[in-house]
Amino acid sequence: MAQTLDEAQVLHVARLSRLKLSPAEVKRYARQLSSILDYVAQLQEVDVTGLQPMAHPLPLHSVMREDEVRPALSLEQVLANAPAREEAFFAVPRVLDEDPGGG
Amino acid sequence: MSHDLTARELRDRIVAGGLSCEQAIQETIEAIASWEGSLHAFNCTFPDSALEQARQIDRRRADGEPLGALAGLPIAIKDNLCTTFGATTCSSKMLANFHSPYQATVVEKLLGADAVIIGKTNLDEFAMGSSTENSAFGPTCNPWNTRCVPGGSSGGSAAATAAGLCAAALGSDTGGSIRQPASLCGIVGVKPTYGLVSRYGLVAFASSLDQIGPMARTVGDAALLLQVIAGPDPRDSTSWPQPPPDYLADLEEPLEGVRLGLPREFTDERVQPEVAAAVRQAVEFYRGQGADIVPVSLPHTRYGIAAYYVIAPAEASSNLARYDGVHYGYRTAHPEDLYDLYAASRAEGFGPEVQRRIMLGTYALSSGYYDAYYLRALKIRQLIKRDFDEAFKQCDFLVGATSPTVAFELGAKSSDPLAMYLCDVFTVTCNIAGIPGLSLPCGFSAAGLPIGLQLLGPAFSEPRMLRLARQYEKHHDWHRRRPPPPPHATARTPA
């Protein structure tokens, strides 16, 4: 299996990660991530037959609480850190093109 | 001078009226003023509100009201703990102006015990790093030698505690981020058993590995702080449901007939000779105290860093997906469209180490690589856990070096991510298995830099682990040494 990342793969992973990289950054991350993956590749030599994956260190199970109304953050608190807002909403750039004929 | 007192002594003196809380806090503010220019341990401090709180505590004492377990103590907290006062930045440009609408459970517990939160400390951005150089606001320096790093990621808390800029501090530990800086700064740091301390309000890095813990100048002070912050929390479904035991009651009692395991994997050529020698002397001390020294093996330790750098980035890539430039945090100035808003905000808001780990984790979880990386790392996690289970059948605690080296110079490892990752070679397996670990001072290098001893124990063995550490501390005076005065500092005015 591949233990290096080429620049096309870095661009793909950066897109999945929603990170906008410059060409120089793509080059640098390709080199650094390849060196880390090369080190991580030693995991391939371990025999993992029959092992259960351990996602969590505690033998705890999700618990349900009573479905009661409790105090929650106010609208103002929720929006207080928003980079841009309009009235009671988070504002983002237009997603759909304007369609003057639509309706 | 309050720096020469332990936190417990300072608290007792304040409660007894021998020293006003206001004076203790004033001294701390002056110590911060004389050190901060050379250390940069804090992202922000709260001198005015701290003094106001101190005067309230003094008034309550004068009125005969009962005071809490941390009454009047100046406590520093890592800046990845949410507070409704000041910003919660994680030392990231992404959160530079983030003001949390809610408070971490541990912060509520500190305030409930009458602690005075003096400031929020610097860290590697989002707690990702081992030197505090990955902070968007500039590195923290080590008070023992300001050309050296304090370790990380809780480097600000470690430096502040070592330099006497607080009575004790909170850090967080995902792969060694409390213990390694504690080691490099010559203080005590405890990574509690996973689940012992609520993570509610700790900005998430790797949720199955993160734990909050105390950093202090003595074992007793760490135990005091742990007592306050431990315990179940309905707001953290991974917090352990049992109430914590009393960590201070038997602290002075030495452990009889304790069996200490020496993992052969913790003594290799990567350990600096001075560090290895200090650890050997500590082991000989315990042997002289009647401990059985048992050679043990943790054969999968060698895969610890590799497994960690799959699991932690995988969890991080998921946890940090929330920073989208929409709901809170940094937003790019001129996005072309919605995708660009996300991608440019994240690229401008996150530093290089955070971006590396997000991409590494995204890759490990991506289609075609999930089984080979993430799932395989989780299976090896099981093997690492079994290694500890087997070792703890032969011994009660494991002993070794916390860090293979003493503090290194700023910049020495910053261009080589993998070299930085290997700083945590003896600390990550503890988080992977969810067990508790503790670092305490056990010597100094010829150059005057602190060396740390790491103790590891089975889940929820903190009471005995703290006693074991206290047993060593009682017969040594490393913890009484103080860093030299800050360079260029004007003499402190006597209070």
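Chain letters run A, B, ... following the sequence lines, proteins first, then strands; residues in each count from 1.
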Exercise. Side chain, backbone, both or neither: which part of Ser318(B) has a non-hydrogen atom closer than 4.5 Å to chain A?
Worked result: neither
Problem set entry | Donor + acceptor pair across side chains of Glu45(A), Tyr303(B) (<3.5 Å) | yes
Exercise. Using non-hydrogen atoms only, which part of Leu79(A) is less than 4.5 Å away from chain B: side chain, backbone, both, or neither?
Worked result: neither
Exercise. Regarding His12(A) and Tyr363(B), is there a side-chain donor-to-acceptor distance under 3.5 Å anywhere?
Worked result: no
For this session: Apply side chain to side chain contact (heavy atoms under 4.5 Å, CB included) to Leu51(A) and Arg381(B), showing your working.
Result: CA-CA 10 Å; Leu51(A) 285 169; Arg381(B) 183 176 194 177; over 6 Å; no
Exercise. Where on Arg302(B) is there a heavy atom nearer than 4.5 Å to chain A: the side chain, the backbone, both, or neither?
Worked result: both
For this session: Check whether any side-chain heavy atom of Asp38(A) sits under 4.5 Å from a side-chain heavy atom of Leu418(B), and report yes or no.
Result: no
Exercise. Ser366(B) versus Leu16(A): any side-chain heavy-atom pair under 4.5 Å?
Worked result: yes
Exercise. Under 3.5 Å, is there a donor-acceptor pair between the side chain of Gln382(B) and the main chain of Gln52(A)?
Worked result: yes
Problem set entry | Side chain / backbone / both / neither for Val310(B) at chain A, heavy atoms under 4.5 Å | side chain
Exercise. At a heavy-atom separation under 4.5 Å, does Gln42(A) approach chain B through its side chain, its backbone, both, or neither?
Worked result: both
Exercise. Just by distance, do the side chain of Arg331(B) and the backbone of Ala82(A) share a donor-acceptor pair under 3.5 Å?
Worked result: no
Problem set entry | Check against side chain to side chain contact (heavy atoms under 4.5 Å, CB included), Gln355(B) and Leu21(A) | CA-CA 10 Å; Gln355(B) 296 193 36; Leu21(A) 304 185; 3.5 Å; yes
Problem set entry | Leu341(B) portion near chain A, given a 4.5 angstrom heavy-atom threshold | side chain
Exercise. Is it the backbone or the side chain of Leu19(A) that comes under 4.5 Å from a heavy atom of chain B, or both, or neither?
Worked result: both
Exercise. Chain B heavy atoms under 4.5 Å from Phe90(A): which part of the residue, side chain, backbone, both or neither?
Worked result: side chain
Exercise. Checking Arg18(A) against Tyr323(B): charged group under 6.0 Å from the ring centre and within 45 degrees of the axis?
Worked result: no
